[in-house]
Structures are given as structure tokens and as C-alpha cells.
There are 4 protein chains.
Amino acid sequence: MNSPVSVAVIGASGYSGGELLRLLAVRTDVSVVYATAQEFAGRAVGEVHPDLAGVLDLRFESYTPEGRAPVDVAFLALPPGQAMQLVPQVRRWADRIIDLSGDFRLRSADVYAQYYGHTHAAPELLADAVYGLPEISRDAIRTSRFIANPGCYPTAAVLALAPALQEGLVDPGSLVVNALSGVSGAGRSKAVELSFSEVNENVRAYKVGMHQHTPEIESVLERVTGRSVRVSFVPHLLPITRGIHATVLGELTADVPEGDIRDLYRRFYRTSPFVRIREGLPQLQSVTRTNFCDIGLVVDRRTHRLILLSVIDNLLKGAAGQAVQNMNLLCGFPETRGLPGGRPEPVPLFPTSQEILA
Amino acid sequence: MNSPVSVAVIGASGYSGGELLRLLAVRTDVSVVYATAQEFAGRAVGEVHPDLAGVLDLRFESYTPEGRAPVDVAFLALPPGQAMQLVPQVRRWADRIIDLSGDFRLRSADVYAQYYGHTHAAPELLADAVYGLPEISRDAIRTSRFIANPGCYPTAAVLALAPALQEGLVDPGSLVVNALSGVSGAGRSKAVELSFSEVNENVRAYKVGMHQHTPEIESVLERVTGRSVRVSFVPHLLPITRGIHATVLGELTADVPEGDIRDLYRRFYRTSPFVRIREGLPQLQSVTRTNFCDIGLVVDRRTHRLILLSVIDNLLKGAAGQAVQNMNLLCGFPETRGLPGGRPEPVPLFPTSQEILA
Amino acid sequence: MNSPVSVAVIGASGYSGGELLRLLAVRTDVSVVYATAQEFAGRAVGEVHPDLAGVLDLRFESYTPEGRAPVDVAFLALPPGQAMQLVPQVRRWADRIIDLSGDFRLRSADVYAQYYGHTHAAPELLADAVYGLPEISRDAIRTSRFIANPGCYPTAAVLALAPALQEGLVDPGSLVVNALSGVSGAGRSKAVELSFSEVNENVRAYKVGMHQHTPEIESVLERVTGRSVRVSFVPHLLPITRGIHATVLGELTADVPEGDIRDLYRRFYRTSPFVRIREGLPQLQSVTRTNFCDIGLVVDRRTHRLILLSVIDNLLKGAAGQAVQNMNLLCGFPETRGLPGGRPEPVPLFPTSQEILA
Amino acid sequence: MNSPVSVAVIGASGYSGGELLRLLAVRTDVSVVYATAQEFAGRAVGEVHPDLAGVLDLRFESYTPEGRAPVDVAFLALPPGQAMQLVPQVRRWADRIIDLSGDFRLRSADVYAQYYGHTHAAPELLADAVYGLPEISRDAIRTSRFIANPGCYPTAAVLALAPALQEGLVDPGSLVVNALSGVSGAGRSKAVELSFSEVNENVRAYKVGMHQHTPEIESVLERVTGRSVRVSFVPHLLPITRGIHATVLGELTADVPEGDIRDLYRRFYRTSPFVRIREGLPQLQSVTRTNFCDIGLVVDRRTHRLILLSVIDNLLKGAAGQAVQNMNLLCGFPETRGLPGGRPEPVPLFPTSQEILA
């Protein structure tokens, strides 16, 4: 394969869209041919994302479904409720779709309506989408044409819980997920409550008991474990720009030494290059600006609970990084290519002629 | 009473000590006669706490027990393990003692040794100390001569849990306390891991399952409720200077409407001027630089849990503010006097002559 | 005077308005009888400024000029261009007016139009307003009925420069003011560029060479010195909530030792309780949440320049604190009353009966 | 050239050292064979820089000069005053040296002693070092064996001033540099004044008129322009982790339109891939985590000054990024290789067999 993969980014002026452009711009095996942003149509990418000036020479366009040249992959990085309107059209000109929104992550249109507050516009497509968490369903992703890219909180929570639940180590009805998010998770939007003066030196929980990521966490874990899962999910907004820190508690079903559980986790993720099981407690800074998910764990003997700590960068492993990881799988590239934290590929920069000619 | 109360602050160069000086300096009914700081002995208070230049004209001294003139109240704001060395001496020259450290908050010297990592130096005094949480034991405080001022995390957690536990609304064996703290809680100390570059844009849990505030929370709640209490306590360090945000979950023992629980909380705290039961979710900014504790609550029907959110300023309601609130009670002053967030006292600035002459 | 001064706050939902309410709520000699906020009319103050719940029991109203009961003092804390519309009406029901906006700080309607970008609506009132910087014109303020409360940048810059310029120590044509501002200076408004993610870990200069505080700084200094003043003013937005740090440079006209200049500054401000001339370099934290202006100075022999560093809290000394300082002067109260950083008044809390009966 | 360049990093546990490892770890044309850190000898790199766990498998060693295998390039990232002790030894086993400290940036041992406060230990080597600012002396760097990597402030200030001074547009005796720095510039050190609580919501100037970067800025500009240069340099510490924002003012020598000056700057830097002349005012976020220097400029007609705004990431273009840029030049790699912000190299990932066989 000598010609680069052609990609479109629909909704490229927000934080996830910008991060996608940042990751894709420096690749020689990918070519961004189309980036849309209604509000900034006609403007250079480098005006809207000033760090990309001189890095990506492209102008934002308005989205139009008509007369589009086909692309290999279309990323959709739109506000909630818009992707479900566009996917049927985008399918006509994009060979594969990776949707970063929550529109296609749930299988039930009823649950969607309950948590998102509006009816689903394309319920018939819900079953088509593969939930794009490579560590859980790498094989299904490789052969899919339509990926629902996971939410930031669910990525952190599911990666923390999947091994313990699958192994039956914790009671799936006992789970508590306390999660802390940076502000970029709320998107590049204007709102008094997101302004610096309101967020700085402040912390607040929000949408307690009603956040739309609750059914996403539960349903994905139910598919992993085959059992009913119940989670008390409490998200909080923190004065940081990037990152998710999830603190997850579950009641242990047996007395298992902490070291054994850590070993189990390492085995579970031994083929997953972006998950690191840390010896001690993880911290956000270790994963910020990378595609890693770091997980630490503590057995609290007194209360007979397993306490899991899980950290990701919400814009990378929690959004654009994971989307590129999915693209790599879809396109047959090495899974870690072009992702911060990925090791250098074991390919010599200058291959020998035999390798080329082979 | 016309002459001001004389007070000493032992350990006045740290954040809690500085906050005490800040609160006491502007009072006309209190006179700070003695402030110690080994490292800064001989230096003006305004050099060490530069905002106090021109506000409090005093020089730090070294602490010496010999030949001290008696004072009405001595505050001890020392690093862990020092107060238990000094209290026996301080009792000789101070009529009342308010200790801001953890040295006298537990009743058991064994539990102290287990969580603090060293033997208690004055176990015979443990029973003398009254745990100084006015909202829980106001009457005992008024008549005490020795106050163990509560920890910041326990203040937030106990105020959140006491009404529900006392009323039997939540299972005392099911509790989870996820708490988030500003950096000033770690004291004014030099450490790479507290430096700005390490804390900014970072979050990390610490001392999971082994924090010394765990037995403090449990034992205080046990005294309140008369039942055995078990808490999974997970503290986290956040990139904010001041504040504690506690997210507390417990399993409901009965189906009680959210509004009824809120009413119960309001009744419980109706005589406590510094506790506000909010209609929605509280946020840290509402209490920063005040002595308030704001509490919000949500009934999560799906998981049958009560979720409590509780916020305080760790240096005020979590330390120096609470210490002054205790001093007000000890000295017969109005409880809210001189405390940010306290309402103006219903005393005319210029009393009528009858009031004076009476 | 036994009954409290009655005040109105027009535009009380923003940061300056909220800070005014915070300062006024705890005073027993002032009564807030009327607070307006178009967007929040009918809502309790404690919903909009949640820290004031339980501190100030008042509901926001819409502003209406008709049938208003007279008040002693009206504060106007409105966005640019609104006060000049209202002042003629407010004069009918308010004995004295303190306007926190820039509408009446310049004497020339032409310069106003040039820098504010619209015509002045009440040019005939420009000459009536007294520029309310107490350290410069305390006597004029005391007898005035209409105060133009200074801007935050001009407060920091003018207090730094006035003594040196008045004494002829620096060339008034050589001045450079580099100023750094917290985000609350931009008001409580929704804008992508003020959102946390855009401001955090960022710095940017803005309105370079065209900021409306440039002519304010120059014209006030010209009135002080009687000479023509030229300032290159470069404001920057920082990731802090509160505070102004001004770095001011001017060419020295003579070789004067640093200590002599510091003495001169101390003499200049010897009757000004809120200005502190520091021995070393000032820092913002020393004045945040206080009404102080701290000034430091360095003589740079190599470049023959005087370098002045000046810090204030933009919402207190740069806005609401200064407005209350002005109110204190207008009403005959002690200048420092009710202002953080003010020393306790040398009045016994319980006056003797002689004082009362006198 | 098929085998990778071998490099050593002496002093790799600090922020600049860590950033070097981060940049070098993902390159296939470079191999880090030796990384030292006295305090962490024997510890895995991923324990000290936790984001590098799983990215760079290497253990820190103690530095010993004896019996070292030769390396192609040695980076020295040590605290001030240590490199001048080591360079004579390192020369014996390293073919080329890039020193990130200030030890070899000045040509005069006297000026060094005056600003650094101690005598220079290897004055005879001062003339050997090439000042490694590629935009100014790319050709000299290519052929050098010993690079003095520029300071963070001088990089920002010199890149802003060089074109205007070289062209004679501003008076070299009139310069003011106000610079703002993130905290990582102070290194990974423990100090109360660098702790989060002391830096957050704070700003302070430091070393006013005596900072060691003053003679570095002046002497480099003097070499560029051949004229005597005088700078008032005022550095400030900000509550951000990374970044330098320099605001530079100089008196214009002639009336030149702003657009002409911008054109001049673009011509000056047309072969420099990491300098971007922005149309409007630059902001720090556009360059953070990149190797770019963004420059904006305003002609202030009123005061007849040119105002330049210049931003860099202090750990990249201001330290480790620039060091790698220098290594690229020394080793004959493309200048931008492996540097964030560098465009993808116009080399196909899979070269055709002809290219290989050629």
C-alpha cells in the first residue's frame, strides 16, 4: 500500500476534532482531504487551531453531502445528536466511519432517549456499530465499517473493571465509579459555568445519577461479563484542561491477594500496548498527552473492597487517540502508529532492499 | 468583659497558623500576645505571611515553656506528633488549649500508633480532649478546657453523614468516602511532589486504605450513632490551593423521598449557622474563604444509594476557622464572630445607653 | 447617626457587583435595599452568588427608574456603555453615585469615543465626576456626589507612578506599563476565549496599543504632575482568577539611591492605609482578597531606569473594594471600615456609657 | 547510515533531561545508551518519569568518567555550575557535546562570575562553544563539536529582536524585555516558594536587574548586530507549568509600516521551520508542547515603539527541543526530525526499491 489513506474529519473545530487533526497531520500514511466546521468555513485550520499553523495547510469547509469524492475513513466529531442525522449520508461517500459522539454507543434506542433526552434518529443503525474499545473487542473492530468510539468516562471505567468482573472477583451489583474530568471534556463551547473564573479553584459534581455515560459503562461491562451490572456513577468537573481520573470500588467476592489481582490484570492486557498496570497509585500526569490508560489497584481488607484507580487523557485515549487507534486497526496499520506513548515501530527507518522487494 | 482574650499561637508560620493569625488579627475582643515559629524566630509576622504586613505587628518567637505569662487560649498548629509532646507543658500557662493536629482526635493510643506510625507520647490525655466539631458536640465544647480540633476530611465527611446515620437511613457498614483536597492541606512544606509543576494539570489518589483520617471518621460517627461504622476512604490531591470536596455514598435502608431527607438535614442543622443544606449540588467556590460547610444530596433510586456531596475550605472550617469557632464557644462569644460567612451580629454598632448602663 | 446608610447596587450579578454585595452584607452600618440584575430578576442573591446564601437575604430586581424610594448611595456595576445611559435617572433617587464602569473616568468625550468605540451619551456629566482614587484625591472625594471609580489597571499603574512623577524622578515621556490581569477582570461573561481550557496554561497580550485604560492612566497622571505623560501600555491575560500585577519602567532623570526613592514613596503614602511600600519585590498573593496595593521598586543602574512593581486585587482595590473605600469617605465612615486588610478600628467593641451619652 | 546515533544524557531526572528522553525514546535513528541521575541511580526511567514506563526501558546510572564507551553525542542537563566541571572529561568519550546549562553561553569569564556568583571552572573552553540558536547560527552549529544550548528567556527575546536590530529598525540602547515564565523553568526541585500553594493564583517578578540571562541576551544580540545593546530585563514567575511569554519594546528609529516589518521578519526566518510570524498577537498555547517560536508585533505610533510578543515552550524550544534541533544539525538529520511541530518529512514511509538500491 503506497498511497496514503484518505480521511475526512466532520466537525473539526472542537477539541476532539482538533486533536484528530493534530494526530493525523504528521502522518505520511494518512492524508486529511476534508475537514468541516460550520462556524469557520473558509478559514484556515491554523487560524482556528493556532498551533497547527504551518503544520496542516487546509481550509475548513461547510459540510455538504452532495458530490463528495469518496474517502477511506470519515471521523465524526460532532456535538451530541448530530452524528445520528449524518451517518446515513456519510456512509455513501466514506468507506468506514468512526463516530466520536455518544449517538451509537448504546444498543437500545429507549435507553438512549431516556439519558440523552431526545429520540434517536437512526435506531436501525444502532446494531451496526461496533463499540470501539480495542482492548475489549480488537477483532470485531478490525473487520467493522462503523465504529462507535467510546466515551471518555466509560473508557477509564471499563478498562479498570473488565478484568475483575470477567474473573468474578467483584460483585457486579456493588460498583461505585467516582470520576474526575478536565474541562476540555465539555467541548469548546461558551458558557459562564465553563469560564476560567468559575472553574478555577473550584470542584463540583454534576449530573449525579443521571449522566449518559452510566448506561454505556453498564452495558459494555454486561457484554464483557454476561452478568447484570449496576454502577453508581458520580462525575465531577475539575480545574484541569485534560484528563480523566476514575476511582472505582467494588465488593470483593473472595480473599485474593493484591499481587494476584495485579498479575491477572497484566495478563488480561498483555497484548494491549496502551494499558499499563502500575505497581503503585497512578497519576494523571503520566498519561496526559499520551494514549495510555494507567491502572492501579488496592485491596482494602477492612472493608473487603477492591479499589481501582484509572487515568486517561480524555482527548486522546478518551476520544481522538482512541479513534486513531481504531483507524489503525481498520486500516491494517500497527495499532500504536502515530499515537503518543506508542513505542517506535520495530521497522528500520531505511529497510533493506530485500524487505522492499519481498 | 472589657479586656480582650489573650491568645498564643504555637506554630504560626504554616498555612493553618497563618490563617489563625489572619482571623485573630482583626478582632478587638482578642489579643494575640505570642506566636511561635522555630524557623522564623525574630522575624516579623508580615515577612513570613506578607499579606499581614501592616495588619498584625508581631514578631515570631521560639517556643519556650519557661516563664511564660499565662494566656486565656493557646492554639497549637504544629506538624503531626509535636503537639502531644507540648500539651502537658502548655497546660501550665494556658487556661484552654485548642490543638489543630491529629494528636488527640482518637481515643485509642493503639489505633493512633497504627495509623500515625509512632507511639503516642501522652496517652493519658486522650480521654481529656473534646472532639471540637461544634455541630455535633457544641455543649461539651463550651465547658471543655482542651479541644482536639477535627481534621479537614473528617469535618466534611462527618457533617455529611451524621444526620443520615443517626436517623438510620443508611447502612453504616456500606460507606464510601471519596474526597478531594487542595494542596494547602499538605502544609507549607518543601517537597518535589508538592511543587507546582508536579501538581498542576494532575490528580492522584494517595494513602488509599491507610489514611489516618479513616479511624477519625469512623470513631466520631460511631459516637454519634452508637453503631459500628465502616468507611472506604479514598483521598485525592487536586490542583487547587484550598478546599475539600467529599463525595459520600451509602446504601439506603428504606425508600425515603429525597425531599424528606433534605428536610431531615435542615432540621438536624437548624441551630448550626455554618452548615447550609443546598437545594442542588454544592460547589467548592461557594465555601472557599468562608467557614461554611455546604451539603447537597441525591437519592440514586437505581442503585438504592444516598449520595452526599459536602464541601468546606480546608483551612477555615477544616482547620483555623473551626478552631476560632471553638474558641468563640469556649469564651462565650457569639459562635459566628469574626468568621467569614458569619452573619453580622444583631448588635447595634452603637448600643443605646440603657444597654450599656444595664 | 444611628440608622444605617441605605444603598442600591445596580448590576449586582457580575463579579464586581457580587463583591460589593459581599462587602456590604456583613456591615451593620449599611443596608442594601435594592440590587438589580436583569437576567436574574426575581432570583435570590444566594442562587446567583452561592456563597451569599444565608448571608444576604435579598432578591434581585429588574432596574426601573420609576417610583424608587431614595437611597443614600447607588453603586453602578454595569458593562461598558450602560452607566452613561442611567446616571441621569439614578441621580433623581440616589443622593450619591459611585460608578464602577469606565464611562465617566475620562474628561474628554472625544477620547472616550476613540477608545471605547461609541459616542458618549452624557458628555455634559463628564466634568461632574470625581476620579475616585482616594490616595490621590481624598479630599475631593469626601465632598463629591458622583464618583468615577478607577479602572483596575490604572489603579495599579497610577499608584506606582504618582510619587516618582510628581517628584520629577522619571521622564514622563518614557513610560512602559506591562500589566498582567486575572480573568475575572473580563467580567462574568460567556466567551470561548475566556473558557478554562483556553485560558489555563496560556498567556496572551491583548489590545496592545489600544486599550481604553491607556488614556485613563495618562490623563490621571497628567492631573497629578501637571506635565504631559506618554505610556506604552501592554495588558496580558493570565490563568489566575483575581489580581493585577503591573511592571512599570521609566527613565530616571537623576542618580537617586533606591533607598531614598523608597523613603519618598513611604512619605507620599503615609496617610494611605491601603498602600504598602515593600522592602523587596511584591507578589500578588499578598494582596489577593484584600484592599491593599503593594509596591516594590528597583533602580536598574545599567539602563538608568526605575522599575516599579505594583499589585492589587482587581475586584477589591481595582473595583468593589475601592468603591467601598470611596463610600466610606463619602459617608464619613473610617476609610478602612469593612475592607479586608483594614486594621481593626481603635474603637472598643463596648463603648463606655460616657461616650454613648456624650 | 544504518546504525543509530548513540547518545548519553547526563542529568536526566530533571525536567529538561526528562524531555530529552521523551524526544529521543521514540526515534529509530537515535539510541539512548546512557542516562545518569545521581539521586535515582539504579531506578528505572519509568519510575522517575512515570509517563516513560513502557516507552524507554533503561535504568539511571551514576555518572562516572572512567571506562565509558564512546558515544556520538552527550547531552548535559545539569544544574548551574556542574557542566563546567564535567565537560573536560566528557570530551574524552563523547564525540560531540550539547550543554543545556548556562555554563558556556557567555564568552567572558568575568561577566559569568558577576551574574552566576561563582568563578568559572573552565574559562579556556568558553571560546570553543558555539551558541546553539539555529535560526541565528545554523552553519556554525553544523560543524561544531561543542554546543552551548541557549537559555529559555534568551531564545524568546533574541528571536524577537534579531531581525529588527539587524535592520536598524530599533534603537539597541532602548530595549525592555518583560518576560513571563512557567514554573518548570526553575527545575524539578523542592522549595517552599515553588510549591503549588505558593505559586497558584500568584505572580511575582524576581531577580529584577540581575538575572543571568541579561548578559546572554545582550551579548548574543551584539554579535548579531555588531552594535552595543542594553536591555532592561524583568522576569516573572507565573502559575503555569510550561512556557515563556516575552513582551519586548524598543524605540523605532524610523516610521516603518507594521506590515513592512512583518514582511521583514518573514524574510529573515524564511528558512527557519520553527519560527512563525503571526498575523495577530501570539499566545502561549499555540506553542506549548511544540518546538515553535511564535512572534507577533505591533507598531505603537503614539509612543513610537515597536512592541514584539514572542512565545516558546521553555522545555522544548527553550531547552530540550532546541537541543535536539542542534543534534539534528550536528548529525546531518533533517532539522525538524522528531520535534513536535515539525512537518512530516517528505520521505515515503516505504521507499521504492530504486531509492534503496541507489
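Remember, it's a predicted structure, so these values are computed and weren't measured experimentally. Chain identifiers are assigned alphabetically (A, B, ...) following the order of the sequence lines, protein sequences preceding nucleic acid strands; residue numbering begins at 1 within each chain.
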Q.
Can you list the residues of residues 176-186 of chain D that sit under 4.5 Å from chain B, counting heavy atoms only?
A. D:V183, D:S184
Q) Under a 4.5 Å heavy-atom cut-off, does chain D meet the side chain of B:E198, its backbone, both or neither? A) both
Q. Between B:V192 and D:R188, which heavy-atom pair has the shortest distance, and what is it?
A. CG1-CG, 4.0 Å
**Q.** side-chain contact (heavy atoms from CB on, under 4.5 Å) against D:A37, all qualifying residues, sequence neighbours excluded
**A.** D:S13, D:F40, D:F60
Q: Could you list which of residues 239-247 of chain D have a heavy atom closer than 4.5 Å to any heavy atom of chain B, in residue-number order?
A: D:P239, D:I240, D:T241
(Q) Just verifying a value: how many Å separate B:S195 OG and D:F196 CZ, rounded to the nearest 0.5 Å? (A) 10.5 Å
Q. Can you name the side-chain hydrogen bond (donor to acceptor under 3.5 Å, both in side chains) partners of D:E216, sequence neighbours left out?
A. D:R105, D:Y131
